[in-house]
Undergrad: 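Below are the structure tokens for one structure; questions will follow.
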Amino acid sequence: MKKLKAALAGNPNSGKTTIFNLLTGSHQHVGNYPGVTVEEKYGVCRYGDYEITFVDLPGTYSLTAYSEEELITRNYIINEKPDVVVDIIDASGIERNLYLSMQLMDLDIPLVLVFNMSDIAEQRGLVFNIEQLSVLFEAKIVKMVGNKGKGKQELLEAVIETSGIPGKSRIHKMKYGDEIENELEKIEKAVLTEEPALCQIYQARWLSIKLLEQDDEITKKVQSSKVNTIVESSVNHLKSIFRESPEIIMAGRRYGYISGACQETIKTTAELSHNYSDMIDAVVTHRILGLPIFLVLMYLTFFLTFKLGSYPMSWLEHLFGWAGENISGFWEPGSNNWLKSLLVDGIIGGVGGVIVFLPNILILFMMIAFLEDSGYMARAAFIMDRIMHKIGLHGKSFIPMLIGFGCSVPAIMATRILENKRNRLATIMVIPLMSCGAKLTIYALIIPAFFEPYFYGPMMWLIYLIGIILAVICIKLLRLTIFKGETVPFVMELPPYRLPTFKSIAIHMWQRGWMYLKKAGTIILAASIILWFAMSYPKPDTSSEQGKLEYSAIGRLGKVIEPAIKPLGFDWKIGTALIGATAAKELFVSQMAIAYSVSDPELAGMTLREKLSANYTPLTGFCIMLFCLIYAPCIATIVMTKQETNSWRWAMFQFFGLTALAYIITFIVYQMGSLIFN
Amino acid sequence: MEKKEVKPLSKIRSGEKARLVTIVAGRGLNNKLASMGLVSDVEIAVVSNSHPGPFVINVKGSKVMLGRGMANKIMVSSCGNEKVKSGSGRQS
């Protein structure tokens, strides 16, 4: 068995992932590149005598140092030295796609070009002279139709064959024209003598190209002042000739080479003036119809995720309830055995709490995969961009924020559709401000307890609205401070509409579901057990539930923080419930129920709502909702934030930031309210 | 090609074509646009320019959407009223 390593590169929307799925099936591993939020995917394919590991590199248009994805792609190729790089090209937009190939050629690596979606290109009347193209680009070219599974074998053969060719440099180097070549030569000479260490890692010619392009990453690596002076004078010299920076001229030259090559080797036999993508776009990006269509699709996504998902969710809840009862059955009824409590309340409760979200996550990611693979997501981003841009976010941020009204956990996972890191972090930070389904149970308890029926609707609306307004303000603030930087200018490709394949959607769903179970599941479970422990221990002699809660670690903590939350109108009972609710927001309700379960003769026979309204003012009721809306997200959300941002720092920032915000706002509202109402 | 005056892309109407002259923007944006095919001399077909609405162009066979601010930074010279060709977008 011979082992090979091949990397898949290509433009976004070139069908790269479809081919990756075709090659590796479900044998895929998904992770994050260290320290960044970009996804790393690899999978193994066995073919004949070979075991080929394919790495799916991020989709990029070029190999500059301006984006994380491009840096990862090029550094992977340079540092990991895959045996073959496979460049996936959308054959129907060949010239633009070949731009990346030209830069891969600059790296002087064993290259295979895949002309993907060649059936669509042929429908459009493009005829390729593959042999001639293959000579011009010095690479094997394979025609494929990824979504129909055509060309897999040819690609594998080409990869194996290319890997067998001993390393040689290209004969046809891309020439950038005399003026630029002269400067490149000067820089190359200087680099070879002054920076021998760098030349060990990078090829001197590539280094010179990047230096002339004033590439940030490479320029920083150069120590020698001699090289820097030469580069500077070259750049100035070329600027004075062309009146534009060298990198722009060089980009133009690359396209020039591509145009020339395509002119000779590609024939257009038919000219289609309209295609079905244009027709769909005329409707879905229509200036009046566009927004309603988008809102309907979003409603459908939301509806299916939480409505359709609620059925399997309740089956799972029943299943865990049944399991809990059966395990309790081993002990006498009413037994206080610690093992029983750990198994039933801690573990089954904890695991159950994690797994019941799985249907939501699977359905949500099925919908997202469908919207993305079909090409609609790009249009949605455009439609929402005008509104979202005003608060400094990308149009696509709207989708995870909307999902946040259902549950923050899938919403944070959904921020993966955002390419820009700052946008993604800013969006993750404010997602908990969208009132999720669990917070709804708190509002449902509080509102009828303190307000007249005709205020139910407006109260609910008000609290949701406050969340949205706070989210907008927070994003504005974050974008002006820690996530400072220019709003990413809006340029985006509109890929042609395609019918997604069942396989790619299934793989996408499976990966997200598994990632959720594996990564979040373990930590959420551990955290739930710790919280269960803190709520149950230490145990007092009394058998009353309220006494136990008061005696437990969390109850004591509630007492400790009472002075701090007094100015918010809260007592230790509310404080205890608030701490307990970090395990899951809906726990606030059951905690309050336990805290008020004592058989006080005055309160006997009253429902929890009546007890609440007897003990607190409507102002306190409102402050409870306000505080619950804003303060620290639940454990599952914190863990998800940690997973998705790849750092505890952001998770802690979210935790403490939101808690501080909740405190300040509730403090102001309670104090002002007390002045007005008294 | 009668007119050689340089104007922002945003002034080009739907269905018209223009030739890119220069982009008045910083290095990052210039590079990003270049990698998507927007370089000097390239032919840009304006697919949709309805205010306020999406600004969509066809460049080298792919459809690209731009913010209106961006369309103001891209300077082009008009090449008349020829019918927009979709598909590969290459000049024959």
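Throughout, protein chains are lettered first and strands after them, A, B, ... in sequence-line order, and every chain is numbered starting at 1.
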Undergrad: Counting only heavy atoms closer than 4.5 Å, note whether Q214(A) contacts chain B via side chain, backbone, both or neither.
TA: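 Contact with chain B: backbone and side chain both.
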Undergrad: Do S62(A) and M36(B) touch side chain to side chain, with heavy atoms closer than 4.5 Å?
TA: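 A side-chain contact is absent here, since even the closest heavy-atom pair is not under 4.5 Å.
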Undergrad: Under a 4.0 Å N-O cut-off, is there an ion pair linking K63(B) with E493(A)?
TA: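 Looking at E493(A) together with K63(B), the answer is no, because their closest N to O distance does not fall below 4.0 Å.
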Undergrad: With rounding to the nearest 0.5 Å, note down the distance linking CG in N11(A) to OG in S62(B).
TA: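 Spacing of CG (N11(A)) from OG (S62(B)) equals 8.0 Å.
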Undergrad: Main chain of S245(A), side chain of R27(B): is a donor-acceptor contact present, judged purely on distance under 3.5 Å?
TA: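 Not at all, since once roles are kept as given, no pair shorter than 3.5 Å links the two residues.
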Undergrad: Strictly distance-based, threshold 3.5 Å: is any side-chain N or O of Y66(A) a donor or acceptor partner for the main-chain N or O of L29(B)?
TA: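 Checked: no pair found.
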Undergrad: Does the pair N31(B) and E247(A) meet the rule for a side-chain contact (heavy atoms from CB on, under 4.5 Å), with working shown?
TA: CA-CA 8 Å; N31(B) 263 285; E247(A) 60 202 301; 2.4 Å; yes
Undergrad: Would you mind checking which part of L33(B) comes under 4.5 Å of any heavy atom in chain A, side chain (CB onward), backbone (N, CA, C, O), both or neither?
TA: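 Just its side chain gets close to chain A.
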Undergrad: Give the intermediate values and the outcome of side-chain contact (heavy atoms from CB on, under 4.5 Å) for residues V56(B) and T285(A).
TA: CA-CA 10 Å; V56(B) 182; T285(A) 62; 5.7 Å; no
Undergrad: Are R96(A) and V59(B) packed together at the side-chain level, in the sense that at least one heavy-atom pair is separated by less than 4.5 angstrom?
TA: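 Side-chain contact under 4.5 Å: no.
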Undergrad: Given the rule in the side-chain contact (heavy atoms from CB on, under 4.5 Å) test, do S35(B) and Q103(A) qualify, once you have shown the distances and angles that lead to the verdict?
TA: CA-CA 10 Å; S35(B) 70; Q103(A) 304 199 23; 5.7 Å; no
Undergrad: Taking side chain to side chain donor-acceptor pair (under 3.5 Å) as the test, write out the residues that go with S101(A), two or more places apart.
TA: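 Checked S101(A) against side chain to side chain donor-acceptor pair (under 3.5 Å); matches are D87(A).
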Undergrad: Has Y255(A) got a side-chain atom pairing as donor or acceptor with V42(B)'s backbone, closer than 3.5 angstrom?
TA: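 Such a contact is absent between Y255(A) side chain and V42(B) backbone.
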Undergrad: So, do M492(A) and V64(B) sit near enough that their side-chain heavy atoms are less than 4.5 Å apart?
TA: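 No, too far: nothing below the 4.5 Å cut-off.
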Undergrad: Is it the backbone or the side chain of D281(A) that comes under 4.5 Å from a heavy atom of chain B, or both, or neither?
TA: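 Just its side chain gets close to chain B.
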Undergrad: What distance do E244(A) atom CD and N30(B) atom CG have between them, rounded to the nearest 0.5 Å?
TA: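 If we round to the nearest 0.5 Å, E244(A):CD and N30(B):CG are 7.0 Å apart.
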Undergrad: Indicate the atoms forming the closest heavy-atom contact of R124(A) with G61(B), along with that distance.
TA: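 Looking at all heavy atoms of both residues, the closest pair is NH1-O, 4.3 Å.
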Undergrad: Holding to side chain to side chain contact (heavy atoms under 4.5 Å, CB included), I want the full list of residues that pass it with A18(B), two or more places apart in sequence or in another chain.
TA: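 Once residues adjacent in sequence are excluded, the partners of A18(B) under the side chain to side chain contact (heavy atoms under 4.5 Å, CB included) criterion are I12(B), V76(B).
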Undergrad: For the CD atom on Q132(A), are there more than 12 heavy atoms of other groups (residues, nucleotides or ligands in this structure) within a distance under 6.0 Å?
TA: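 More than 12 within 6.0 Å, yes.
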Undergrad: Report which part of D216(A) has an atom under 4.5 Å of a heavy atom belonging to chain B: side chain, backbone, both, or neither.
TA: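 Side chain only.
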Undergrad: How long is the span from the OG atom in S40(B) to the CZ atom in F242(A), to the nearest 0.5 Å?
TA: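 It is 11.0 Å, given to the nearest 0.5 Å.
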Undergrad: Minimum heavy-atom separation for S259(A) to K60(B), with atom names?
TA: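 In this case the closest contact between S259(A) and K60(B) is OG-NZ, 4.0 Å.
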